[in-house]
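See below for the structure under consideration.
In what follows, chains carry the letters A, B, and so on, assigned in the order in which the sequence lines appear, proteins first and then strands, with residues in each chain numbered from 1.
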Protein chains: 2
Amino acid sequence: MTSANEILDERNKQILCAVIQCHINTPVPVGSRVITKKYSFGLSSATIRNIMADLEEMGFLRQPHTSAGRVPTDSGYRFYVNTLKGKKNQTNKAQLIELHEKLDRLKKDINTLPDETSRMLSAASNYIGITMSPHDRIITLSKIELHKFRKNRLAVVLITDEGIIKHKVVTIDAGTSQKDLNRIADYINSEYSGTHVEDIRKSIAKELAKDKMRYDKLISQAVKICKSIFSTSPDDVFISGLSGVLGLPDFCDIDKIRELLKTIEDKELIVRLLDLISASEGTQVFIGSENPLAEMKKFSLIVSTFKEGANPVGAIGIIGPTRMNYEKTISIVDMTAQFITNMLSER
Amino acid sequence: MTSANEILDERNKQILCAVIQCHINTPVPVGSRVITKKYSFGLSSATIRNIMADLEEMGFLRQPHTSAGRVPTDSGYRFYVNTLKGKKNQTNKAQLIELHEKLDRLKKDINTLPDETSRMLSAASNYIGITMSPHDRIITLSKIELHKFRKNRLAVVLITDEGIIKHKVVTIDAGTSQKDLNRIADYINSEYSGTHVEDIRKSIAKELAKDKMRYDKLISQAVKICKSIFSTSPDDVFISGLSGVLGLPDFCDIDKIRELLKTIEDKELIVRLLDLISASEGTQVFIGSENPLAEMKKFSLIVSTFKEGANPVGAIGIIGPTRMNYEKTISIVDMTAQFITNMLSER
DNA sequence: GTTAGCACTCGTCATGGTAGAGTGCTAATA
DNA sequence: TATTAGCACTCTACCATGACGAGTGCTAAC
């Protein structure tokens, strides 16, 4: 917040950051004495106490109970994260190299990439890694294939310019022959190849709205097929690192765990979340109550998008406790997104 | 175990079952008094106590500590489950109908069926539902399609007689044209259509072992492609109901939860498990230490397979605490497997 | 073979007392 | 005027204690 920058003088800012760093390292409320010991502000614990009382009044810290140390509030963390943005990324070089190596090992197949990436994210951060495959809005049809089997089943396979493959089984009129289907496929391919899938859907909807009778039976079948395959599905969300996060002292409460699991299990929710987020550019940080999802207001979320050329083709992110190592985690998410973007452009 | 049937007389069996039923209903050790109150064996608590001491000696019950009631051991549950097998399924009629309705709502698409089913299983049982799509061993190639994009990328799409679609992206020689690929696809389709995928893999391996030079470049490409797409992947495992299970008093221990999550997160493990299991017929019950997976020896597992004609095309199961409502859960798994088998044969 | 009765064991819960960490306030200091 | 030393106060965590209740095992009587 700029407001925080206005209210706080340099010294108070430094002490606030010190408190937060302390608390990120050790999951207990931090008292005035530890600050004087660990940092050399040249101030006594009494002075630190006064300042911490001020910071509490301003809403950056709070006391779990009287005569305990202080813990940061969401706005405290927010201030801290904002100061991080300003300064150059300080993440450990060795760690950086390790991350790069891990990323390099990811196969260059965009279809397995999300799963691998979410694993990698959780391993690197010790929090929960999530990835989402591209939204239809930004993927481009390369080819559609239709293959009939059984008497009235149709396998529809969609391949995009980005190398993404989607498939679906739909039911069709038993009368439709494979020859008809080939004609339909040819029609769609010639008409829509190179078009964004989202635009195809819109176009199809428009055609549907017009007088249906104007089209012959085949086209109406084609429209039906397209309509069903071009709908979004939450199958493309990958989440990992659940078991690891339970080791953190922040997750000692079983109800909190349940809440988290419930949110994460509902992939529709995560789709909505990442969808919402991929509208913006760059790496974003949501701290506790800032979280767009009500179910996640006790956790923090760091997300970014990766791109193919100018189009964002997917989102990645990390979910963790609000008491999170923001510096490290932000750089992991940021670097991963950039790395994947580069990787995709190299192909 | 038949050994139990030999050792135990009718009365002892009944009391053992009574203790187990009590404990399934309320998650506390059961004492001799509650047995006399809830059941009318016409025996005093003292007699029940003596019998319970006998049952403990025989390994069917155990005391968490002196002067606590008894809880069943794994062999206790095993005995109980065996008695269930004998008698006619007593599950609540209303529940049965509800289950049927839920199952009916599942779409008849074998590609979305596993996910939907696992959800349904967990909702019906309040435990964890898992499903696995068919193993290659038992699925039959209907058609393979090859589609080139970018300069050296190939989308391989596999459609089986069962209606299952699999896809993969592989890297190929940039020199291979779409025309060549069509020829390869034609070759595979003519040569292997109607063959079990597992057999195709074996055949391919054999051809590879022979002098490679005997085949022209195209065939060797084809072999390479087949080899890569016909490998198993753990993407076909669906798990749900995690958050629900945390409400159970059996999961009050955070370490136990972590153990469970770790097992479940590693889908390779689950693949191995269900693979192992689908070798046998019918509904199988694994109680605690009976579990084939070391990581799951604190939980119980009930599994079954569903079939397409004579071939099992997938496995379903439920994971829960050893203190599980076996009667209900077994019937849920059993019925679901049968229902899906019927559904598939109707198509 | 069954049962009543009794002594015994153990976990749970409420109580109280102590130690330690950390605060807020006040008065003294630079 | 800002800082600090000192002190009283508060609250938690921890431990020991004791009462209570649930449940057992054993014995003697039926």
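What separates CD1 of I15(B) from C1' of dT2(C) is a distance of 12 Å, to the nearest Å. The nearest whole Å value for the distance from the CG atom in D54(A) to the C1' atom in dT3(D) is 14 Å. The interatomic distance linking D9(A) (CG) with dT3(D) (C1') rounds to 15 Å, in whole Å. If you take NE2 of H65(A) and P of dG20(C), they are 17 Å apart, rounded to a whole angstrom. Atoms CD1 (I51(B)) and P (dT2(C)) sit 7 Å apart, rounded to a whole Å. Between L61(A) atom CG and dG22(C) atom P there is a gap of 15 Å when expressed in whole angstrom units.
At least one side-chain nitrogen or oxygen of R11(B) sits closer than 4.0 Å to the OP1 or OP2 atom of dT2(C). A close approach under 4.0 Å does occur between a side-chain nitrogen or oxygen of T47(A) and OP1 or OP2 of dT4(D).
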Produce a footprint string for nucleotides 23-30 of chain D: one letter per nucleotide, 5' end first; B if the base is under 4.0 Å from any protein heavy atom, S if only the sugar-phosphate is, - if neither.
-> BBB-----
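Ring geometry for F299(B) against F251(B) counts as parallel: the plane angle stays under 30°, on a 0 to 90° scale with 60° as the upper cut.
Residues S32(B) and S45(B) have side chains that never bring a donor and an acceptor to within less than 3.5 angstrom of each other. T131(B) and S118(B) form no side-chain donor-acceptor contact under 3.5 Å, judged by distance and modelled atom types alone.
Listed for the R323(A) side chain is a donor-acceptor partner under 3.5 Å among the backbone atoms of I24(A).
Here the side chains of C22(A) and Y39(A) are in contact, with some heavy-atom distance below 4.5 Å.
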Could you please spell out the steps behind the side-chain hydrogen bond (donor to acceptor under 3.5 Å, both in side chains) verdict for S300(A) and Y127(A)?
-> CA-CA 10 Å; S300(A) 281; Y127(A) 303 126; over 6 Å; no
